[in-house]
Asker: 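Sharing a structure below in structure tokens format, with a few things to ask.
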There are 2 protein chains.
Amino acid sequence: MSIGQPIHLRRLNARAICQRLLAHGPASRADLAKVLGLSAVTTGKVVDDLLAQGILQIAPADKEAPRKTNELGRPGQQVFLARTPPRFITLQLGVRHTRLAALPAAGPLAGEGWLIQFPTPADGPAWLKALQAHADNLQVTDPIALMLSVPGVVDEPAGRVLLSPNLHWLEAADLPRMLQEVTWGTPSPPAPGRQNAASPAPPVHLVQEIRALALGQLAAEPAEGDFLLVDFGQGMGGAVVAGGRLMAGPLPLSGELGHTPVLGNHRKCGCGATGCIETLAARPGLLASFAQAHPQQERSWPRLVEWVQVNGVEPWLRQTLEQVGVVVVGALNVVGVRRVIVTGALAELGSQVLEVLSQTVKRSAMWGRFGAVECVSAPRRRALGLATAALDRVVAPE
Amino acid sequence: MSIGQPIHLRRLNARAICQRLLAHGPASRADLAKVLGLSAVTTGKVVDDLLAQGILQIAPADKEAPRKTNELGRPGQQVFLARTPPRFITLQLGVRHTRLAALPAAGPLAGEGWLIQFPTPADGPAWLKALQAHADNLQVTDPIALMLSVPGVVDEPAGRVLLSPNLHWLEAADLPRMLQEVTWGTPSPPAPGRQNAASPAPPVHLVQEIRALALGQLAAEPAEGDFLLVDFGQGMGGAVVAGGRLMAGPLPLSGELGHTPVLGNHRKCGCGATGCIETLAARPGLLASFAQAHPQQERSWPRLVEWVQVNGVEPWLRQTLEQVGVVVVGALNVVGVRRVIVTGALAELGSQVLEVLSQTVKRSAMWGRFGAVECVSAPRRRALGLATAALDRVVAPE
DNA sequence: CATTACTTAATAAACTTAATTAAATAATTT
DNA sequence: AAATTATTTAATTAAGTTTATTAAGTAATG
């Protein structure tokens, strides 16, 4: 409840250690102590705690690996975030696909791949049914929590989807309750003296997709803790990370950069308003503009990507990019970050597009003279983001 | 250096107590303990600490004041933030006026008034000279710090003004060093055995004006910890407070909502760019638009205010308000707050203007359906903001 | 190769800070 | 005087620190 109790110190330190490991990979206790500014003793104790809880593991000594030259002294044991057994279920609910995986306590590292993926059905009951069919195959027992990323506007504490223009059934759905009904993973082996029960339903935590993406990006490059992430998919989202923290109040509504109105734009948006930037810059909007400019071309995303690769940034696209630039600069100015990270559709269109956007942003952002604004693309790291959110549940539960 | 040491707990708790007192006025130790969720013992100890440091004081028992009926038991001693002797110097450097005051450890409460005010001279040396002339009259000895609010873009940690379109000399000035040369307040009385020395120059802390305003607003209504503050003066600034925290990364540039570009606006901005919203919506921009619409009218701020009171929101003003609305909605969408607080020029134009702005914002903000966005005006509380910033220096010094 | 010196890692012991709970004391009202 | 609430005192606990010790390596040397 209150804030200033001794246990908070331990949680703070445990969390710092886990985040460091998540970010920079295995390290010895001594390394951790040095980097985090804690004493070696405390670091050792916290690490021991985390080892006992199964959150960390000790790497087996590798006699083969030669130490760096000039490295003297007793070598430290490398510890790392335990990856087995899986303790979390992550569920990415997307407009086109649903992805499902059991994750170790501290999330997947790169290249782990997804266990299960299926096309998202068009309504809730069908989705739940498909999910149940696949859930049985999960390699998980006694999951700690289920982390669910959802596109649209999400009231995370309440577990409600407030607005989902592309998956309307979500708005009426009580996702946490629905998901309680799913049986996750293989049943626990029958313990002596009690019924052979399935794993109890884990608590469900909703995460707004754009927030998951931002957390993932932050985890991937934790040294770069200041950026504006802009994602383009069926919609458009934007989230600000500053000082290594994802900016968002306790209010449910954030990250909805896509619904910034653009003067002179009269397209209807799924949110009910008119003129939102995402009607121009997200996938459907780009396709619509493309079709308008080239009615004879096939109206498909692959065709558009190909077209842009060949023909470069045509005026209709340039105009959209300039409008995106204005919206991005607005966000930059308020919070004071210098890096813009683009993911999704606009990133797929290639470096020329990114370059034009970058030029626009650099031209409009007021502090061009103090150090250029950077505009880079990155892959989506939704999974890593969910894992990071999950980590908090393990290490720093309320 | 590191984060998780025992002393941090004490600082956290001391700060929580001070902020509570700053926000809600005097309270007993028992009240504080209950509200903050700390034990009575801890609360007592922290309060004793703060009393010993002179940051808190005990209110004299008032036999006359009748207790609330049904209040049994030993009455608690009311403690409050000490107001004497002054320990801080606050300095508001404005385009038009400079204001100077000595504040008690925990800032002024309402209606305290300013001790000294003078028109800001046109260059640094003149300003420093005027400042020195007035500084002698300050009722302060041994000031802890000098809190200085500055309009424009400020690198707070470095103590540099990066951009100040309206006071160009600031950009080259090393304010902290300049202010070291000023002798503050009356010299200490000659102590036996040492020279009769003036007070040593206190450390100087720069605060971006818009941040000071936001902190002040937050301190004034701490229960309302989520808002976007938009201030209109010679320029325009915007700052986001969410969850009771002022959002800003470690980077110096933030709050510069005024430099969001508006498509189709070709006015040159003092920042060097073209089309910034502040060329339309800040005081000079409003006056320019007014003069354009009514060339025969006197081009002065009082005349404009009067005109708007009489003639209401004319098209030229409505258009500007809609453009401001777009910029505001952009900021709202990203960070997810519901209250927009307007201070300065636009607030002075009266409730009709605020109403139009409010309508625009409500229409454009995507979540009109989840609960109306509020748009209210408030007085500037720069002084209280500086006081809050100062409080952090006393209670939670690094 | 075996031994010794040196370096760094990890742990143990003693101590410090700041929280906690439990009990005692103080100041009012009924 | 009894009840009630506020504050303080004393003892305990949690989690940090420093200092000292032990462990596990490399480097130098006979």
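Proteins come first, then strands; the chains are lettered A, B, ... in the order of their sequence lines, and each starts at number 1.
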Asker: Taking atom P of dT8(D) as reference, at what distance in whole Å does atom CG of L32(B) sit?
Answerer: 13 Å
Asker: Do V241(B) and L215(B) have side-chain heavy atoms sitting under 4.5 Å apart?
Answerer: no
Asker: Quick one: which of Q208(B), H205(B), R211(B) gives a side chain to side chain donor-acceptor pair (under 3.5 Å) with E156(B)?
Answerer: R211(B)
Asker: Calculate the interatomic distance between I17(B) atom CD1 and dT7(D) atom P; express it in whole Å.
Answerer: 12 Å
Asker: Apply salt bridge (Lys or Arg N to Asp or Glu O under 4.0 Å) to D31(A) and list each qualifying residue two or more places apart in sequence or on a separate chain.
Answerer: none
Asker: Please list all pairs meeting salt bridge (charged side-chain N to carboxylate O under 4.0 Å, His left out) that have one or both residues in residues 42-51 of chain A, counting only residues at least two apart or in different chains.
Answerer: R10(A)-D49(A), R29(A)-D48(A)
Asker: How would you summarise protein contacts on nucleotides 9-19 of chain C per nucleotide, using B for base, S for sugar-phosphate only and - for none, with heavy-atom distances below 4.0 Å?
Answerer: BSSB-----SS
Asker: Any side-chain heavy-atom pair from I17(A) and L36(A) closer than 4.5 angstrom?
Answerer: yes
